A.B. asks: 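Sharing a structure with you now.
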Amino acid sequence: MGDRTTATLRRGLVVFHFLCPISFLPTAAQAQVRLEREAFTWAGRVPEGRWITLRNLRGNIEVTRGSGDKVEVIATRRTRRGDPDYVRFEVKKYGDAGEDVLICALWGETSGCSESMYRSRLTDRASRENVVDVDFSIRVPRGVRVGVHTVNGDVRVMDAAAEVVAESVNGNVTVSTASGQVNARTTNGNVRATMGKFDAGSDMRFSTTNGSVTAEFAGDIDAEVELTAINGSFSTDFPVTISGRIDPRRLRATLGKGGALIRLATVYGNVELRKR
């Protein structure tokens with residue numbers, strides 16, 4: 001369709017309005033993104049009670065319950081500029097019996113990782129010339145422990161049935177479990193955990209710096225709780241027994257018979273301890 005023209009009369013002058021058709025073409029930045037939906041895949045058996053650990057620098061991580069007996073990992077690589085192979089992937093076995101599995105996305109040749117260390121940079125010239133994001137999707141059988149860590153991105157673990165450690169630096173962290181301990185933290189983002197059954201003998205921590213923290217537990221629990229909100233408020237659905245003076249920034253209390261310590265903490269945000 002060609003351009004259309006309308007005219008109006010304004011104080012004796014004819015003013016022409018040129019009505020151009022609207023274009024919905026993608027922007028240059030959108031058109032340049034190269035998407036590889038299976039840039040990396042891995043599948044293997046991890047025994048019940050052992051760990052699947054994943055470390056990422058730039059991108060989201062999503063974990064869901066698998067129906068089979070294998071852990072399945074798929075990485076989607078999004079390249080905005082440069083060489084997609086600037087990001088490579090490593091798989092390592094660790095633990096006393098070599099039954100735990102570590103998977104790392106590594107930016108640049110000098111990067112490295114282990115079960116206790118991750119070294120990857122986004123500040124050198126090469127990383128500025130090669131702008132690549134990696135999103136992970138992981139399916140985990142019941143009973144396999146999960147440790148997932150990213151620096152820039154969201155972490156989401158759904159319907160886990162074993163211990164979970166979920167961490168980000170710049171992103172939200174969301175965890176739901178049918179059973180198992182949970183530790184979840186970020187620096188810039190919200191933390192939300194919805195818990196099923198868990199062993200009351202182990203401590204748990206949910207924390208952020210800039211954001212809110214919410215933890216939901218099914219039924220009554222026996223634990224010591226510590227709620228900290230330096231610049232915000234805290235609240236709980238559980239009846240608590242408080243010992244000592246009341247601090248408007250920190251609440252230390254006993255739930256039921258007491259037990260392991262559950263910490264919820266933020267600096268700028270609110271803290272909520274909820275009953276499902």
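Because the structure is a prediction, the values reported are computed rather than measured. Start at 1 with the first residue, then count along the sequence. Values below: every heavy atom of this structure, side chains too, minus hydrogens, waters and symmetry copies.
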A.B. asks: Filter on disulfide (SG to SG under 2.5 Å), then keep only pairs touching residues 114-225, sequence neighbours left out; what's left?
C.D. replies: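 Those involving residues 114-225 do not exist here.
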A.B. asks: Under 3.5 Å, which donor-acceptor pairs link side chains of residues 66-74 to any protein atom two or more places apart or in another chain?
C.D. replies:
residue	atom	partner	partner atom	Å
Asp69	OD2	Arg45	NE	3.0
Asp69	OD2	Arg45	NH2	3.1

A.B. asks: Side chains of Met195 and Met204: does their closest heavy-atom pair fall under 4.5 Å?
C.D. replies: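 In short, these two side chains touch, coming nearer than 4.5 Å.
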A.B. asks: Checking Ser207 against Val191 for the side chain to side chain contact (heavy atoms under 4.5 Å, CB included) test, could you report, in this order, the C-alpha distance in whole Å, the side-chain angles of both residues, the deciding distance, and whether it holds?
C.D. replies: CA-CA 7 Å; Ser207 65; Val191 171; over 6 Å; no
A.B. asks: Do you know the tightest heavy-atom contact between Ala223 and Ile262?
C.D. replies: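 Ala223 and Ile262 have their closest heavy atoms at CB-CD1, 3.7 Å.
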A.B. asks: Considering only residues two or more places apart or on different chains, which pairs with a residue in residues 128-241 satisfy disulfide (SG to SG under 2.5 Å)?
C.D. replies: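 As it turns out, there is no disulfide (SG to SG under 2.5 Å) pair with a partner in residues 128-241 once direct neighbours are skipped.
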A.B. asks: Just how far is it from atom CD of Glu167 to atom CZ of Arg185, taken to the nearest 0.5 Å?
C.D. replies: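 One gets 4.0 Å once the value is rounded to the nearest 0.5 Å.
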A.B. asks: Enter the distance from Arg77:CZ to Leu35:CG here, rounded to the nearest 0.5 Å.
C.D. replies: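 Between Arg77 CZ and Leu35 CG, I get 11.0 Å after rounding to 0.5 Å.
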A.B. asks: Examine distances only and state if a side-chain atom of Thr228 and a backbone atom of Ala265 form a donor-acceptor pair shorter than 3.5 Å.
C.D. replies: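 Side chain of Thr228 to backbone of Ala265: no pair is present.
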A.B. asks: Between Thr79 (side chain) and Arg81 (backbone), is there a donor-acceptor pair under 3.5 Å?
C.D. replies: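 Not a single qualifying donor-acceptor pair exists.
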A.B. asks: Are the side chains of Thr76 and Glu36 in touch, meaning some heavy atoms are under 4.5 Å apart?
C.D. replies: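 The answer is no, as the side chains (C-beta and beyond) never meet within the 4.5 Å cut-off.
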A.B. asks: Is a side-chain donor or acceptor of Thr254 paired with a backbone partner of Glu224 at a separation under 3.5 angstrom?
C.D. replies: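 No: the side chain of Thr254 does not pair with the backbone of Glu224.
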A.B. asks: Report yes or no: does Asp159 contribute a side-chain atom to a donor-acceptor pair with the main-chain N or O of Arg65 at less than 3.5 Å?
C.D. replies: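 Pair absent, no side-chain N/O of Asp159 close to backbone of Arg65.
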A.B. asks: Apply ring-ring contact (aromatic ring centres under 6.0 Å, His included) to Phe40 and list each qualifying residue two or more places apart in sequence or on a separate chain.
C.D. replies: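 Phe40 satisfies ring-ring contact (aromatic ring centres under 6.0 Å, His included) with Phe89 once adjacent residues are dropped.
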A.B. asks: With Ser168 as reference, evaluate Thr208, Asn60, Thr150 under the side chain to side chain contact (heavy atoms under 4.5 Å, CB included) test and give the passing residue.
C.D. replies: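 Considering Thr208, Asn60, Thr150, a side chain to side chain contact (heavy atoms under 4.5 Å, CB included) with Ser168 is found only for Thr150.
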A.B. asks: Please report the shortest heavy-atom distance between Val157 and Ala166, naming the atom on each side.
C.D. replies: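 Here Val157 and Ala166 meet closest at CG2-CB, 4.4 Å.
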A.B. asks: Under the salt bridge (Lys or Arg N to Asp or Glu O under 4.0 Å) rule, what pairs show up with a residue in residues 202-218, not counting sequence neighbours?
C.D. replies: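 Sorted pair list: Arg192-Glu216.
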A.B. asks: Of all residues at least two apart in sequence or in a different chain, which pass the side chain to side chain contact (heavy atoms under 4.5 Å, CB included) check with Ser235?
C.D. replies: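 Ser235 satisfies side chain to side chain contact (heavy atoms under 4.5 Å, CB included) with Glu272, Arg274 once adjacent residues are dropped.
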A.B. asks: If you take all heavy atoms of Val131 and Arg58, which pair is closest and at what distance?
C.D. replies: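 Nearest pair, atom of Val131 first, then Arg58: CG1-NH2, 3.4 Å.
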A.B. asks: Counting only heavy atoms not in Arg125 (residues, nucleotides, ligands), do more than 12 fall under 6.0 Å from its CZ?
C.D. replies: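 No, the 6.0 Å shell around CZ holds no more than 12 heavy atoms from other groups.
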A.B. asks: With distance as the sole criterion, is a donor-acceptor pair present between the side chains of Asn130 and Asp83 under 3.5 Å?
C.D. replies: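 On atom types as modelled, these side chains do not qualify, holding no pair under 3.5 Å.
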A.B. asks: Show your working on side chain to side chain contact (heavy atoms under 4.5 Å, CB included) between Ile103 and Trp42 and close with a plain yes or no.
C.D. replies: CA-CA 9 Å; Ile103 296 175; Trp42 181 87; 4.0 Å; yes
A.B. asks: Other than Trp51, which residues form its hydrophobic cluster under the rule that side-chain heavy atoms must be closer than 4.5 Å?
C.D. replies: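 Traced through the cluster, Trp51 reaches Tyr94, Leu102, Val165.
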A.B. asks: Can you pull the disulfide (SG to SG under 2.5 Å) pairs that have at least one residue in residues 67-100, sequence neighbours excluded?
C.D. replies: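 Of all non-adjacent pairs touching residues 67-100, none passes disulfide (SG to SG under 2.5 Å).
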A.B. asks: With distance as the sole criterion, is a donor-acceptor pair present between the side chains of Ser233 and Asn270 under 3.5 Å?
C.D. replies: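 Side chains of Ser233 and Asn270: pair found under 3.5 Å.
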A.B. asks: Can you find a pair of side-chain heavy atoms, one from Val63 and one from Phe136, that are under 4.5 Å apart?
C.D. replies: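 No; the side chains remain at least 4.5 Å from each other.
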A.B. asks: Please name the pair of heavy atoms, one in Asn56 and one in Ala105, separated by the smallest distance, quoted to 0.1 Å.
C.D. replies: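 The answer is OD1-CB, 3.6 Å.
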A.B. asks: Salt bridge or not for Asp220 and Lys275, using N-O below 4.0 Å?
C.D. replies: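 Between Lys275 and Asp220 there is a salt bridge, with a charged N closer than 4.0 Å to a carboxylate O.
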A.B. asks: Are Val140 and Ile52 close enough, and set up right, to give a side chain to side chain contact (heavy atoms under 4.5 Å, CB included), and what steps lead you there?
C.D. replies: CA-CA 8 Å; Val140 178; Ile52 174 68; 4.2 Å; yes
A.B. asks: Closest approach of Gly189 and Asn172, non-hydrogen atoms and distance?
C.D. replies: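 Nearest heavy atoms, Gly189 then Asn172: CA-OD1, 3.5 Å.
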A.B. asks: Among Thr187, Asn170, Asn188, Asn231, which one satisfies side chain to side chain donor-acceptor pair (under 3.5 Å) with Asn210?
C.D. replies: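 That would be Asn188.
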A.B. asks: With the threshold set at 4.0 Å, does a side-chain nitrogen-carboxylate oxygen contact exist between Glu90 and Arg88?
C.D. replies: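 Salt bridge: yes.
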A.B. asks: Under a 4.5 Å cut-off applied to non-hydrogen side-chain atoms, are Val225 and Phe238 in contact?
C.D. replies: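 SC-SC contact between Val225 and Phe238 ruled out.
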A.B. asks: Which distance, rounded to the nearest 0.5 Å, do you find between the CG of Leu57 and the OG of Ser120?
C.D. replies: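 It comes to 4.5 Å.
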A.B. asks: Side chain to side chain contact (heavy atoms under 4.5 Å, CB included) with Asp222: which residues, sequence neighbours excluded?
C.D. replies: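 Checked Asp222 against side chain to side chain contact (heavy atoms under 4.5 Å, CB included); matches are Lys257.
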A.B. asks: Using a 4.5 Å cut-off on heavy atoms from C-beta on, say whether the side chain of Lys93 contacts that of Val101.
C.D. replies: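 Yes - at least one pair of side-chain heavy atoms lies under 4.5 Å apart.
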A.B. asks: Quick one: do Leu255 and Leu261 end up in the same hydrophobic cluster if we chain Ile, Leu, Val, Met, Phe, Trp and Tyr together by side-chain heavy atoms under 4.5 Å apart?
C.D. replies: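 They do not share one cluster, since no chain of ILVMFWY contacts under 4.5 Å joins Leu255 to Leu261.
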A.B. asks: Measuring from Arg55:CZ to Leu106:CG, what's the distance to the nearest 0.5 Å?
C.D. replies: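 Between atom CZ of Arg55 and atom CG of Leu106 there are 11.0 Å.
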A.B. asks: Run the side chain to side chain contact (heavy atoms under 4.5 Å, CB included) test against Ala229 and tell me which residues pass, sequence neighbours left out.
C.D. replies: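 Applying side chain to side chain contact (heavy atoms under 4.5 Å, CB included) to Ala229 gives Phe234, Thr266, Val271.
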A.B. asks: Once you round to the nearest 0.5 Å, how far does CD1 of Ile61 lie from CD1 of Ile138?
C.D. replies: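 It is 6.0 Å, given to the nearest 0.5 Å.
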A.B. asks: Any chance NZ of Lys92 has more than 12 other-residue heavy atoms, nucleotides or ligands included, within less than 6.0 Å?
C.D. replies: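 Yes, the 6.0 Å shell around NZ holds more than 12 heavy atoms from other groups.
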A.B. asks: Who clusters with Ile230? Use side-chain heavy atoms, under 4.5 angstrom, across I, L, V, M, F, W and Y, and order the result by chain and number.
C.D. replies: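 The other cluster members (ILVMFWY side chains, heavy atoms under 4.5 Å, direct or chained) are Val267, Tyr268.
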A.B. asks: Enumerate the disulfide (SG to SG under 2.5 Å) contacts for residues 125-160, please, sequence neighbours excluded, ordered by first and then second residue.
C.D. replies: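 Non-adjacent pairs meeting disulfide (SG to SG under 2.5 Å): zero.
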A.B. asks: Measure the OG1-OH distance between Thr53 and Tyr118 for me, rounded to the nearest 0.5 Å.
C.D. replies: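 If we round to the nearest 0.5 Å, Thr53:OG1 and Tyr118:OH are 13.5 Å apart.
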A.B. asks: Ignoring hydrogens, what is the shortest heavy-atom contact between Asp100 and Gly95? Give both atom names and the distance.
C.D. replies: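 It is OD2-CA, 3.5 Å.
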A.B. asks: Are the side chains of Phe206 and Val182 in contact, using a 4.5 Å heavy-atom criterion?
C.D. replies: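 Yes - at least one pair of side-chain heavy atoms lies under 4.5 Å apart.
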A.B. asks: Report yes or no: do Ser176 and Thr194 form a side-chain donor-acceptor pair below 3.5 Å?
C.D. replies: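 Short answer, no.
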